[in-house]
There are 2 protein chains.
Amino acid sequence: MARWEPDAQGRMIRAALELFDERGFDQTTAGDIAEKAGVTERTFFRHFADKREVLFDGAHTMEHTVHDVTVAAPAELSPLDAALAGITAAGELLADRHEFSMRRSRIVAANPSLQERELLKLAAMTESTTKALHERGVTEPVASLAAHSAVTVFHVAFARWVAEEEPPAFADCVAEAAAALRALQ
Amino acid sequence: MARWEPDAQGRMIRAALELFDERGFDQTTAGDIAEKAGVTERTFFRHFADKREVLFDGAHTMEHTVHDVTVAAPAELSPLDAALAGITAAGELLADRHEFSMRRSRIVAANPSLQERELLKLAAMTESTTKALHERGVTEPVASLAAHSAVTVFHVAFARWVAEEEPPAFADCVAEAAAALRALQ
DNA sequence: GCTAGTGATGACAGTGACTGACATCGACAC
DNA sequence: GTGTCGATGTCAGTCACTGTCATCACTAGC
């Protein structure tokens, strides 16, 4: 699979994280990352569609998880509860990467173009949640609204989870945000 | 104010819309737009921070409107209702530009990087709504959740409004989406 | 052990988005 | 008329990203 050294992709991700942390995203070129990872710039762009994407490696897995867990949630759950089950499961994929998530969040928070990409990933989660709800037989506009609401809860819960030095259980952050959402009138 | 021909910015916006419509966003260079508008590429980038921004000219005004109307909403309104008043007012800024909004939406829908930018503008609306709710004395996490929910309603309502050849009243689209949101359990 | 096939990588040239620096123009104040 | 100022033009440069083709390491089949 790999050519000389194994795990080129992992090396590039780690190199990028360090460089972005040190100098910032804009002050780091794709060539810098590649060099630090021991590959060429061209190889970097074979692994990542663009420079930002190197920070969003797990997004695809999370989308799948959200979808599958939402579809498989107990039939008696409301659309919103099914979707919340999905986003909770997705969040727990990060459980053992709290340190990494904090660093990553700090980098993203410092750069608008990275925030943009993060929003796109959240939108993709919304999409896949909506699709899952459709598969549960939920119709529009309830499916979209429940999906948006669940991802909103994810967004708020994640921000809380990542802000604490000692990570609380992700599910607790979700429960808290979800309760506040339901209390809205 | 303007140099030779007046309204350089307006000319660039119109030129961009036409070119994006004809050939697509990726097949149009900043130089193409500038040339069609009778200016240089450098001037284009003095007016717009990047190529995408030419499609998001009114966003700043909408942010301000959301904020101001939310702050000024009757004190007895719930956080969510105050926020909904804000996003309704923002949506009505588009009332007389339905044709333009439809074209623009079609262009955005065809290009992921434009969708990304649109999400950033929606996030900015969420921010300014949250800020407005804070000024109303609403605390976290209710402020964020109400703001997110209101912008979700905006998102869904706008999609509906822009999809119809004969534009319904924007406020009606909002009311419909808001009712569905509240019905969620 | 040799060889052909395959997938990842390197090398290199090219396009286009964006930026900085400086010259220039046009309107307006005086 | 002259000076000031903001908007524009000009030009060179960096960097993100892409297409193309050669090359390398590993594997399967012999």
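Per chain, numbering begins at 1; letters A, B, ... match sequence-line order. Quantities reported herein were computed from a predicted structural model and do not represent experimental measurements.
- Between B:Glu116 and A:Arg52, at least one side-chain nitrogen of the basic residue sits less than 4.0 Å from a carboxylate oxygen of the acidic one, meeting the salt-bridge criterion.
- With respect to the salt-bridge test (charged N to carboxylate O, under 4.0 angstrom), the residues B:Glu164 and B:Arg160 qualify.
- B:Ser149 and A:Leu184 get closest at one heavy-atom pair: OG-CD2, 3.9 Å.
- With sequence neighbours left out, the salt bridge (charged side-chain N to carboxylate O under 4.0 Å, His left out) criterion links A:Arg136 to no other residue.
- Looking only at distances, a side-chain donor or acceptor of A:His148 sits under 3.5 Å from a matching main-chain atom of A:Ser144.
- Using a cutoff of 4.0 Å between basic side-chain nitrogens and carboxylate oxygens, A:Arg14 and A:Glu18 are not scored as salt-bridged.
- Applying the 4.5 Å side-chain rule to ILVMFWY residues, one finds A:Met12, A:Leu17, A:Leu19, A:Phe20, A:Phe25, A:Ile33, A:Val39, A:Phe44, A:Phe45, A:Phe48, A:Val54, A:Leu55, A:Phe56, A:Phe100, A:Ile107, A:Val108, A:Leu114 in the same cluster as A:Ile13.
- Listed by chain and residue number, B:Arg117, B:Lys121 satisfy the salt bridge (charged side-chain N to carboxylate O under 4.0 Å, His left out) test with B:Glu53 (two or more places apart in sequence, or in another chain).
- Residues of residues 36-52 of chain A that place a heavy atom closer than 4.0 Å to DNA chain D, in numerical order, are A:Glu41, A:Arg42, A:Phe45, A:Arg46, A:Ala49, A:Asp50, A:Lys51.
- Residues from residues 14-34 of chain B with heavy atoms under 4.0 angstrom of DNA chain D: there are none.
- Within the 3.5 Å criterion, the main-chain N or O of A:Thr29 finds a donor-acceptor partner in the side chain of A:Asp32.
- Considering all non-hydrogen atoms of both residues, B:Gly91 and B:Met62 come closest at N-CE, 4.4 Å.
- Shown for residues 107-116 of chain B: no residue has heavy atoms falling under 4.0 angstrom of DNA chain D.
- Distance, B:Glu35 CD to C:dG16 C1': 15 Å, rounded to whole Å.
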